Novice: 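Right, I'll just put the structure down here and ask away after.
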2 protein chains.
Amino acid sequence: MTSVPEMRPFAESLPMALLQAREVAMRYFRPLLAEHDLTEQQWRVLRALTSADDALDAGELAARTLLLAPSLSRILAHLDERGFVTRTIDPTDQRRTLVELSPLGAKQVAQIAPESERLYAEIEAVFGDGELHALLESLHQFARKADPDPS
Amino acid sequence: MTSVPEMRPFAESLPMALLQAREVAMRYFRPLLAEHDLTEQQWRVLRALTSADDALDAGELAARTLLLAPSLSRILAHLDERGFVTRTIDPTDQRRTLVELSPLGAKQVAQIAPESERLYAEIEAVFGDGELHALLESLHQFARKADPDPS
DNA sequence: TGGAGGAAGTTAACATGTGTAGTAAATTTC
DNA sequence: GAAATTTACTACACATGTTAACTTCCTCCA
């Protein structure tokens, strides 16, 4: 009989709790994104570019969207095909690719944003405004303090 | 000029905060899993079976690991090949597949568990024991209260 | 100054995630 | 008791996660 040493209950582990919470949150947004034929990751890219309000190089964009470079590369190819972003080589450093939201891409974001905000407000309402902000603060603090490699 | 309506800053959104926090947490465990040639998802399955301490049907296992049935199906095929789990048809309900941790699988878990617990303790130490428990409690509460479809 | 070493990005290969459709066994319904 | 429904799993298609290899370009220093 191979007995397993004491481990905390699976369902109560931090990684599972985070995954479960994210799953719950994303259930609000998935139908909206599906309506507009956007994956979660594609939306993250459009969102990050909107928030940056300027061109970003691929590395910076990867960091902000928490995507790996190879994934981002493919995603950008798709978004470029659909006309939502433009890619240009940085003239000051030709290794870098500058990514910018196109007018069509901005239009797409503008079309989705209101409904997205409505869903976010729904989450706030259900969970409680104060609780949500406390959770966010706790998450940010965790990311700051626990990051083993704050690159 | 297509102006985008007010949206909360991308980096402060709940889905990104959850993703970022999970990313930070997983950075502790990935090297350990890689050493043992296990993906995150495979480990979730082994962990869930260990925690259950009994055979689970595929549906229940999918629910507990937050995996979709098609993903779980493939993962189980791989774990079966490696001899970590066994799959048998439930004699009392032949629709169901019962999944059980094999002795070899249990041995594998037993080999990883101590180091995993050590890493978990490291996170507790860095972030603070109280803060971590508060965060976990908040995450569980969010999952309970905000789930739009508590199946 | 030019070549070694490093950095940025892409491509490739394989596994998993996600959604849709299909299949088989059990259950329900009439 | 047979058709319709339910339940669980499987098959397939496409997108992403992950690692490694490769290309091109930049930096730096002997």
Side-chain angles (χ1 to χ4, degrees), chain A residues 15 19-20 22-23 26-27 29-46 55-82 84-99 151, chain B residues 15 19-20 22-23 26-27 29-46 55-82 84-85 87-99 149 151:
Chain A
L19 195 58
Q20 168 84 58
R22 185 153 204 284
E23 192 50 41
M26 288 314 297
R27 274 208 266 274
F29 298 102
R30 289 218 179 92
L32 174 61
L33 297 182
E35 265 178 44
H36 294 272
D37 253 299
L38 288 172
T39 66
E40 232 176 86
Q41 292 81 359
Q42 289 166 350
W43 176 240
R44 290 221 297 273
V45 170
L46 297 181
L56 292 176
D57 66 79
E60 184 57 32
L61 189 53
R64 295 197 190 184
T65 54
L66 301 180
L67 290 167
L68 293 186
S71 297
L72 180 59
S73 210
R74 275 174 309 200
I75 293 168
L76 289 177
H78 290 156
L79 291 176
D80 195 342
E81 272 175 36
R82 289 175 69 178
F84 291 160
V85 304
T86 59
R87 286 182 292 177
T88 56
I89 293 174
D90 184 340
T92 73
D93 182 344
Q94 299 186 36
R95 290 174 303 182
R96 285 182 157 74
T97 304
L98 293 176
V99 186
S151 48
Chain B
L19 196 56
Q20 168 83 55
R22 185 154 205 285
E23 192 50 41
M26 288 313 298
R27 274 207 267 273
F29 298 103
R30 289 217 181 91
L32 174 61
L33 297 182
E35 266 178 44
H36 294 272
D37 253 299
L38 288 172
T39 66
E40 231 176 86
Q41 293 82 1
Q42 290 166 346
W43 176 240
R44 290 222 295 274
V45 170
L46 296 182
L56 291 176
D57 65 80
E60 184 57 32
L61 190 52
R64 296 196 189 183
T65 54
L66 301 179
L67 290 167
L68 293 187
S71 299
L72 180 59
S73 209
R74 271 173 313 196
I75 293 168
L76 288 178
H78 290 155
L79 291 176
D80 196 342
E81 272 175 35
R82 288 176 68 179
F84 291 160
V85 304
R87 287 181 290 177
T88 56
I89 293 175
D90 185 340
T92 73
D93 183 344
Q94 301 188 35
R95 292 175 302 182
R96 287 178 159 80
T97 303
L98 292 177
V99 185
D149 170 34
S151 46

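Each chain gets a letter, A, B and so on, in the order its sequence line appears, and its residues count up from 1. Model, not experiment: these values are computed from the prediction.
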Novice: Would you tell me if any nitrogen or oxygen in the side chain of B:S73 comes within less than 4.0 Å of OP1 or OP2 on D:dT10?
Specialist: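 Yes, within the criterion.
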Novice: Between atom CG in A:L33 and atom C1' in D:dT16, what is the gap in whole Å?
Specialist: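 Going from A:L33 (CG) to D:dT16 (C1'), I get 15 Å.
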Novice: Could you work out which one of C:dT11, C:dG19, C:dT16 sits closest to the side chain of B:Q41?
Specialist: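 Output: C:dT16.
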Novice: Grab the CG-P distance between A:L66 and D:dT16 for me, whole Å please.
Specialist: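 Going from A:L66 (CG) to D:dT16 (P), I get 15 Å.
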Novice: Distance from B:H36 atom NE2 to B:L46 atom CG, nearest 0.5 Å?
Specialist: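 With rounding to 0.5 Å, NE2 (B:H36) is 12.0 Å from CG (B:L46).
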Novice: B:V85 and B:D80: which non-hydrogen atoms are nearest, and at how many Å?
Specialist: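 What the structure gives for the nearest pair is O-OD1, 3.5 Å.
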Novice: Under 4.0 Å, counting only non-hydrogen atoms across every strand here, what does A:R30 touch: a base, just sugar-phosphate, or nothing?
Specialist: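 Sugar-phosphate: the residue A:R30, judged by heavy atoms under 4.0 Å, touches backbone atoms but no base.
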Novice: What closest approach, in Å, do B:A62 and B:L72 show between heavy atoms, and which atom pair accounts for it?
Specialist: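 The pair with the smallest heavy-atom distance is N-CD2, 3.6 Å.
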Novice: Can you see which heavy atom on A:Q41 is nearest to which on A:I75, and at what distance?
Specialist: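 Of all heavy-atom pairs spanning A:Q41 and A:I75, the closest is CB-CD1, 3.7 Å.
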Novice: Can you tell me how far the OG1 atom of A:T97 sits from the CG atom of A:L61, to the nearest 0.5 Å?
Specialist: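 Reported to 0.5 Å precision, the distance equals 10.5 Å.
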Novice: Under 4.0 Å, counting only non-hydrogen atoms across every strand here, what does A:A69 touch: a base, just sugar-phosphate, or nothing?
Specialist: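 Since a base atom lies under 4.0 Å of A:A69, the category is base.
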Novice: Measure from CG on A:D37 to P on D:dA13 and round the result to the nearest Å.
Specialist: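 Checked: the CG to P distance equals 19 Å.
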Novice: Please determine, for the side chain of A:T97, which listed nucleotide (C:dG19, D:dT18, C:dT10) has the closest atom?
Specialist: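 Closest nucleotide among those given: C:dT10.
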Novice: Does B:H78 have a side-chain nitrogen or oxygen under 4.0 Å from the phosphate oxygens OP1 or OP2 of C:dT16?
Specialist: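 Result: yes.
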Novice: Reckon A:S71 touches a base, only the sugar-phosphate, or nothing at all at heavy-atom distances under 4.0 Å?
Specialist: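 Result for A:S71 = base.
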Novice: Without decimals, in angstroms, what is the distance between B:R96 CZ and D:dT7 C1'?
Specialist: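 Distance, rounded to whole Å: 7 Å.
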Novice: Of B:T92 and B:R74, whose nearest nucleotide on DNA chain C comes first from the 5' end?
Specialist: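 Result of the comparison: B:R74.
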Novice: So what does A:Q42 touch, heavy atoms closer than 4.0 Å: a base, only the sugar-phosphate, or nothing?
Specialist: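 Contact class for A:Q42: sugar-phosphate only.
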Novice: Side-chain donor or acceptor of A:R87 under 3.5 Å from a matching atom on the base of C:dG9?
Specialist: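 A donor-acceptor contact between them is absent.
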Novice: Would you mind reading off the distance between B:L19 atom CG and D:dG17 atom C1', rounded to a whole angstrom?
Specialist: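 Atom CG in B:L19 sits about 12 Å away from atom C1' in D:dG17.
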Novice: Just the rounded figure in Å: distance from C1' of D:dG17 to CZ of B:F29.
Specialist: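 So the CZ-C1' distance, B:F29 to D:dG17, works out to 19 Å.
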Novice: Has B:R22 got a side-chain atom pairing as donor or acceptor with A:P15's backbone, closer than 3.5 angstrom?
Specialist: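 Side chain of B:R22 to backbone of A:P15: a pair is present.
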Novice: Determine the contact category for A:L72: base if any of its heavy atoms lies under 4.0 Å from a base atom, sugar-phosphate if only primed atoms, P, OP1 or OP2 are that close, otherwise nothing.
Specialist: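 A:L72: no heavy atom of the nucleic acid under 4.0 Å.
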Novice: Quick check: on DNA chain D, is the nucleotide nearest B:D93 upstream (toward 5') of the one nearest B:E23, or the reverse? Name the residue that is more 5'.
Specialist: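 Of the two residues, B:D93 wins.
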Novice: Reckon B:R95 touches a base, only the sugar-phosphate, or nothing at all at heavy-atom distances under 4.0 Å?
Specialist: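 Since a base atom lies under 4.0 Å of B:R95, the category is base.
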Novice: Please determine whether a side-chain nitrogen or oxygen atom of A:T39 lies at a distance below 4.0 Å from atom OP1 or OP2 of C:dT18.
Specialist: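 So the side chain of A:T39 is outside the cut-off, no N or O lying under 4.0 Å from OP1 or OP2 of C:dT18.
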Novice: Between D:dC9 atom C1' and B:Q94 atom CD, what is the distance in whole Å?
Specialist: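 Distance check: B:Q94 CD to D:dC9 C1' gives 14 Å.
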Novice: Round to the nearest Å and state the distance from B:L61 atom CG to D:dA8 atom P.
Specialist: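 That distance rounds to 13 Å.
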